[in-house]
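Everything below concerns the one structure shown next.
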Amino acid sequence: GADLLTQDEVANELNQGLRPSALYADRPNARMGFDTRPAVGMTYKTAKHYCVWLSKQTDRTYRLPTDAEWSHVLNLSGGIPTQRGELLDQAVLQDNAPVDDLRLDTLTAPIASKQPNRLGLFDLLGNAAEWVQQKDEQPWVRGGHFQLPSEQLSSDWRSTEDFNVWNASSPQLPTQASWYIDHYYQGIRLICEVPIEK
């Protein structure tokens, strides 16, 4: 009869040619979303599906803001602070983001660790860039993020979803469709639609 392989030998055979999951275990984004830090790295599709899931769980309607809504909130809150010190008091950007001691990579900061804006909202700028809902255009995020230098943040800053660039080193074929490997600054801010009682 044929020789049977041990469980370890089968595992070794299966792992030949596969890149180990340890590639991801020590990446800075492996710790995102824990210890009060924002969840980042999610694709637009994942963000939209999370809204559907949360709506079903709560019997409320949750969704991503539209680009126009997000811009309106930014304008109501006073826009981008013109003084760098005031901006860094409100926003976690590359200039003031925490740094991973081992890899020297920037990290997100805990949610609400900076001052709120004039509307009382935390982290509208910086920390995690926020997906906005699009109809016919390629999806994008707004608000800047923890890897963006402060001088690059403007009221019209956007980063457009790009699977090829954002997942360039992903070994998975087809490329991972739910989260990003190389550019992991995308997060969400949700709107809960409340019916108006008549």
Side-chain angles (χ1 to χ4, degrees), residues 15 17-34 37-53 63-71 73-74 80 87-88 90-111 123-190:
N15 285 327
L18 296 178
R19 292 168 70 182
S21 59
L23 274 175
Y24 305 110
D26 68 343
R27 292 172 85 102
N29 58 328
R31 296 189 303 279
M32 306 288 186
F34 297 97
R37 295 177 190 271
V40 292
M42 67 187 73
T43 64
Y44 181 65
K45 182 178 180 180
T46 298
K48 290 189 74 173
H49 282 288
Y50 178 73
C51 292
V52 172
W53 176 84
R63 63 174 176 82
L64 300 173
T66 65
D67 189 64
E69 288 170 333
W70 196 96
S71 296
V73 168
L74 177 64
I80 307 287
L87 174 60
L88 295 180
Q90 282 185 26
V92 177
L93 297 163
Q94 186 184 66
D95 310 51
N96 63 349
V99 176
D100 180 284
D101 292 333
L102 294 175
R103 297 174 55 101
L104 301 179
D105 290 321
T106 54
L107 303 170
T108 56
I111 295 167
D123 301 321
L124 185 67
L125 302 173
N127 221 8
E130 301 174 359
W131 284 113
V132 293
Q133 197 166 279
Q134 301 297 329
K135 290 189 177 176
D136 300 322
E137 300 182 52
Q138 190 173 8
W140 58 62
V141 288
R142 300 289 309 270
H145 54 82
F146 67 101
Q147 295 177 324
L148 185 75
S150 61
E151 63 272 7
Q152 292 182 20
L153 182 62
S154 64
S155 58
D156 60 353
W157 180 89
R158 290 170 175 84
S159 185
T160 305
E161 186 170 45
D162 188 332
F163 276 92
N164 292 330
V165 173
W166 291 2
N167 265 343
S169 70
S170 174
Q172 178 176 319
L173 294 174
T175 302
Q176 175 62 259
S178 60
W179 63 288
Y180 292 113
I181 305 296
D182 298 304
H183 291 256
Y184 43 84
Y185 50 73
Q186 312 81 355
I188 55 175
R189 180 181 304 267
L190 302 183

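A quick note: this is a predicted structure, and the numbers were derived from the prediction, not measured. Side-chain atoms are counted along with the backbone in the values below, which use heavy atoms only and exclude waters and symmetry mates. We number each residue from 1, following the sequence as shown.
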**Asked** Are the aromatic rings of Tyr180 and Tyr185 close, with centres under 6.0 Å apart?
**Response** no

**Side chain proximity check, Trp179 to Thr46, heavy atoms < 4.5 angstrom** = no

**Request:** Determine yes or no for a side-chain-to-main-chain donor-acceptor pair under 3.5 angstrom, with Asp95 supplying the side chain and Ser150 the backbone.
**Result:** yes

**Message:** Less than 4.0 angstrom from a charged side-chain N to a carboxylate O is my criterion; do Asp67 and Arg158 meet it?
**Reply:** yes

**Prompt:** Does Leu148 reach the side chain of Leu153, with side-chain heavy atoms less than 4.5 Å apart?
**Reply:** yes

**Request:** Starting at CG of Asp123, measure out to CD of Gln90 and round the result to the nearest 0.5 Å.
**Result:** 10.0 Å

**Message:** To the nearest 0.5 Å, what is the distance between CD on Gln147 and OG1 on Thr106?
**Reply:** 4.5 Å

**Request:** Scan Glu161, His49, Gln138 and name whichever one has a side chain to side chain contact (heavy atoms under 4.5 Å, CB included) with Tyr44.
**Result:** Glu161

**Message:** Please verify the inter-ring angle class for Trp131 with Trp166; under 30° counts as parallel, over 60° as perpendicular, anything in between as tilted.
**Reply:** tilted

**Message:** Please find the pair of heavy atoms, one from Leu93 and one from His145, that lie closest to each other, and give the distance.
**Reply:** CD2-O, 3.4 Å

**Request:** Determine, for Arg142 against Glu69, whether the closest basic-nitrogen to carboxylate-oxygen distance falls under 4.0 angstrom.
**Result:** no

**Prompt:** Of all heavy-atom pairs between Leu64 and Cys51, which one has the smallest distance, and what is that distance?
**Reply:** N-SG, 3.8 Å

**Item:** Heavy-atom check, side chain of Arg189 versus side chain of Leu124, under 4.5 Å
**Value:** yes

**Request:** Heavy atoms only: give me the nearest Ile80-Ser155 pair and the separation to one decimal.
**Result:** CG1-N, 3.6 Å

**Asked** Just by distance, with hydrogens left out, do Asn127 and Thr108 show a side-chain donor and acceptor under 3.5 Å apart?
**Response** no

**Item:** Asn167 to Asp182 - nearest heavy-atom pair and separation
**Value:** C-OD2, 3.3 Å

**Message:** Looking at every non-hydrogen atom in both residues, tell me the closest pair between Ala109 and Val92 and how far apart they are.
**Reply:** CB-CG2, 3.7 Å

**Request:** With rounding to the nearest 0.5 Å, note down the distance linking CG in Leu88 to CD in Gln94.
**Result:** 11.5 Å

**Result of checking Gln134, Gln186, Glu130 against Trp140 for side chain to side chain contact (heavy atoms under 4.5 Å, CB included)** = Gln134

**Prompt:** Nearest heavy-atom pair of Thr43 and Phe163: which atoms, and what distance?
**Reply:** CG2-CE2, 4.0 Å

